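Take a look at the structure below.
Model, not experiment: these values are computed from the prediction.
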Amino acid sequence: MSSPQLNCDSDFLVRVPTEDYGILIDYLSSQTPHSLKVIGHLVSNVRSPEWKTRVYVDQWPDCSVVVCMNDKNIGAYMPLGETDVYMHATSPSKLKNVLTNSNVFDWSKTMFFDGFDKSLLPVLKESIPNSASLRVDVEADIYRHNDTGKLQWKPPEGTFLSALTKKNAATVLKNWKFGCDWMLPEFEHVIETNITSGLYSKEGQLLSWAMLVFYGGIGNVHTLETHRRQGFSKVVLADITRKILDDGVIPWAHVEDGDNNGVSVRMLQAVGYEKTCVNQVFVAFMPAGKTLVWE
């Protein structure tokens with residue numbers, strides 16, 4: 001096992017080299033479901049180094065804080081802010097120390113904290129500069145798969161299952177409520193490097209789909225309007241869950257607060273998912289004079 005060296009930019013964080021991501025994944029596996037999103041982030045980087053994520057811990061190997069960062073115009077990831085941040089911490093006090101003192105966080109830039117435990121939100125609020133602001137954009141619960149007996153959903157007659165291809169990326173993006181045209185290269189890279197499932201008509205039309213997105217959760221689950229209420233989403237969810245389990249990874253998904261009449265929850269429960277104790281917040285950080293918008 002290698003020993004990451006102290007990052008020269010900070011006395012509070014250690015930069016983890018890519019060859020040690022597997023060690024960090026194994027360590028974080030005992031902290032699920034809280035660590036699922038950071039694990040997913042690391043797994044995606046193992047699959048494709050083109051994501052070019054910077055990964056830091058407060059100490060090695062028994063860390064209490066993990067921070068993953070992606071910067072604009074570096075790698076395949078398309079951040080919403082100038083930097084997007086994924087973080088996990090088992091010690092709020094150590095996280096506050098890192099946020100307050102580490103030079104890794106450049107508080108002069110916009111940052112999007114892309115889903116972390118809501119219990120840590122007060123720590124972030126206490127740590128940012130007084131002149132800056134935070135905006136909570138989304139809250140979501142994590143649902144984790146725990147029942148393989150509910151994965152028996154099969155494609156209906158006249159349809160077939162197959163992975164998504166790069167040419168499907170524009171359709172997937174267009175039907176995502178947060179989708180923006182500039183995100184297309186990232187969606188193409190996810191489809192080319194991660195686990196996906198598509199349900200197609202016998203003529204080859206894509207009817208329903210799901211994908212393992214960059215942060216390791218199942219996302220972008222969608223069925224075309226004209227083909228709904230036939231169980232198609234359950235078919236692709238069951239299919240992608242089987243694939244994830246075969247890959248040795250824990251299947252999980254977000255469900256946003258205000259879920260449309262519980263549709264997403266019922267769909268996930270039908271294929272063996274259950275709600276965990278984790279509620280995450282997605283938070284925009286904006287220095288004085290800057291804003292961060294979805295466009």
Side-chain angles (χ1 to χ4, degrees), residues 28 31-44 66-70 77-81 84-90 92 95 111-125 134-146 172-173 175-180 183 186-187 190 194-196 209-223 233-234 236-237 240-241 244 249-286 292-294:
L28 293 173
Q31 298 171 18
T32 61
H34 298 273
S35 59
L36 282 172
K37 195 160 194 177
V38 166
I39 289 174
H41 206 85
L42 293 166
V43 169
S44 286
V66 185
V67 176
C68 303
M69 290 182 161
N70 286 91
Y77 186 82
M78 309 291 285
L80 183 61
D84 279 10
V85 181
Y86 293 71
M87 62 185 186
H88 164 68
T90 57
L95 175 62
M111 287 184 274
F112 191 67
F113 289 82
D114 202 343
F116 61 94
D117 276 24
K118 187 177 180 179
S119 63
L120 299 174
L121 182 57
V123 178
L124 180 60
K125 289 180 177 179
L134 294 176
R135 184 189 69 230
V136 177
D137 285 347
V138 179
E139 294 190 26
D141 295 315
I142 284 184
Y143 281 69
R144 176 176 176 168
H145 192 263
N146 72 340
V172 174
L173 182 60
N175 287 280
W176 183 44
K177 68 178 181 178
F178 296 116
C180 302
M183 298 175 179
E186 178 182 327
F187 272 61
V190 169
N194 241 339
I195 298 170
T196 65
W209 58 85
M211 50 196 277
L212 191 65
V213 294
F214 172 71
Y215 53 75
I218 296 173
N220 300 102
V221 181
H222 188 83
T223 299
S233 289
K234 298 182 184 72
V236 293
L237 266 174
I240 196 170
T241 300
I244 294 168
V249 182
I250 298 171
W252 64 274
H254 283 126
V255 175
E256 295 172 33
D257 287 7
D259 172 35
N260 182 24
N261 297 318
V263 172
S264 297
V265 169
R266 291 195 297 273
M267 183 171 58
L268 286 166
Q269 289 174 337
V271 296
Y273 286 78
E274 69 173 0
K275 184 178 178 179
T276 71
C277 59
V278 179
N279 180 262
Q280 292 193 328
V281 287
F282 296 69
V283 179
F285 166 79
M286 295 162 289
L292 195 159
V293 294
W294 291 79

Quiz item: How far does CG of D84 sit from CZ of F112, to the nearest 0.5 angstrom?
Solution: 7.0 Å

Quiz item: Which heavy atom in L292 sits nearest to a heavy atom in F285, and how many Å separate them?
Solution: CD1-O, 4.2 Å

Quiz item: Of the non-hydrogen atoms in M87 and L95, which two are nearest, and what is the gap between them?
Solution: SD-CD1, 4.1 Å

Practice problem: For side-chain contact (heavy atoms from CB on, under 4.5 Å), just list the numbers for V265 and K275, CA-CA rounded to whole Å, side-chain angles, deciding distance to a tenth of an Å, and then say yes or no. | Solution: CA-CA 9 Å; V265 169; K275 184 178 178 179; over 6 Å; no

Exercise. Measure from the side-chain N and O atoms of T276 to the backbone N and O of P33, and report whether any donor-acceptor pair falls under 3.5 Å.
Key: no

Quiz item: Does W209 use its side chain to pair, donor to acceptor, with the backbone of N220 at less than 3.5 Å?
Solution: yes

Quiz prompt | From D114 atom CG to Q280 atom CD, the distance as rounded to the nearest 0.5 Å | solution = 9.0 Å

Quiz item: Rounded to the nearest 0.5 Å, how far apart are CG of D141 and CD of E256?
Solution: 10.5 Å

Practice problem: Please examine the side chains of L42 and L28, heavy atoms only from C-beta on, and report whether any two atoms are closer than 4.5 Å. | Solution: yes

Quiz item: Do you know which two heavy atoms are closest between M286 and L134, and how far apart they sit?
Solution: CE-C, 4.5 Å

Exercise. State the CE-CZ distance between M211 and F187, to the nearest 0.5 angstrom.
Key: 5.5 Å

Self-check item: Derivation of the side chain to side chain donor-acceptor pair (under 3.5 Å) call for T241 and Y273
Solution: CA-CA 10 Å; T241 300; Y273 286 78; 2.7 Å; yes

Quiz item: Can you tell me how far NZ of K234 sits from CZ of R266, rounded to the nearest 0.5 angstrom?
Solution: 8.5 Å

Exercise. Run through H34, K37, H88 and flag the one making a side-chain contact (heavy atoms from CB on, under 4.5 Å) with D117.
Key: H34

Quiz item: At their closest point, which heavy atom of S44 faces which heavy atom of F214, and how far apart are they?
Solution: OG-O, 2.6 Å

Self-check item: N194 versus L212, closest heavy-atom pair with distance
Solution: ND2-O, 3.0 Å

Quiz item: Are the side chain of H145 and the backbone of V271 linked by a donor-acceptor contact shorter than 3.5 Å?
Solution: yes

Quiz item: How long is the gap from OH on Y86 to CZ on F113, to the nearest 0.5 Å?
Solution: 12.5 Å

Quiz item: How far apart are the closest heavy atoms of V221 and I218, and which atoms are they?
Solution: CG2-CG2, 3.9 Å

Quiz prompt | Under 3.5 Å donor-acceptor, W176 side chain and H222 backbone | solution = no

Practice problem: Taking the side chain as every heavy atom from C-beta outward, state whether V283 and F116 have any atom pair closer than 4.5 Å. | Solution: yes

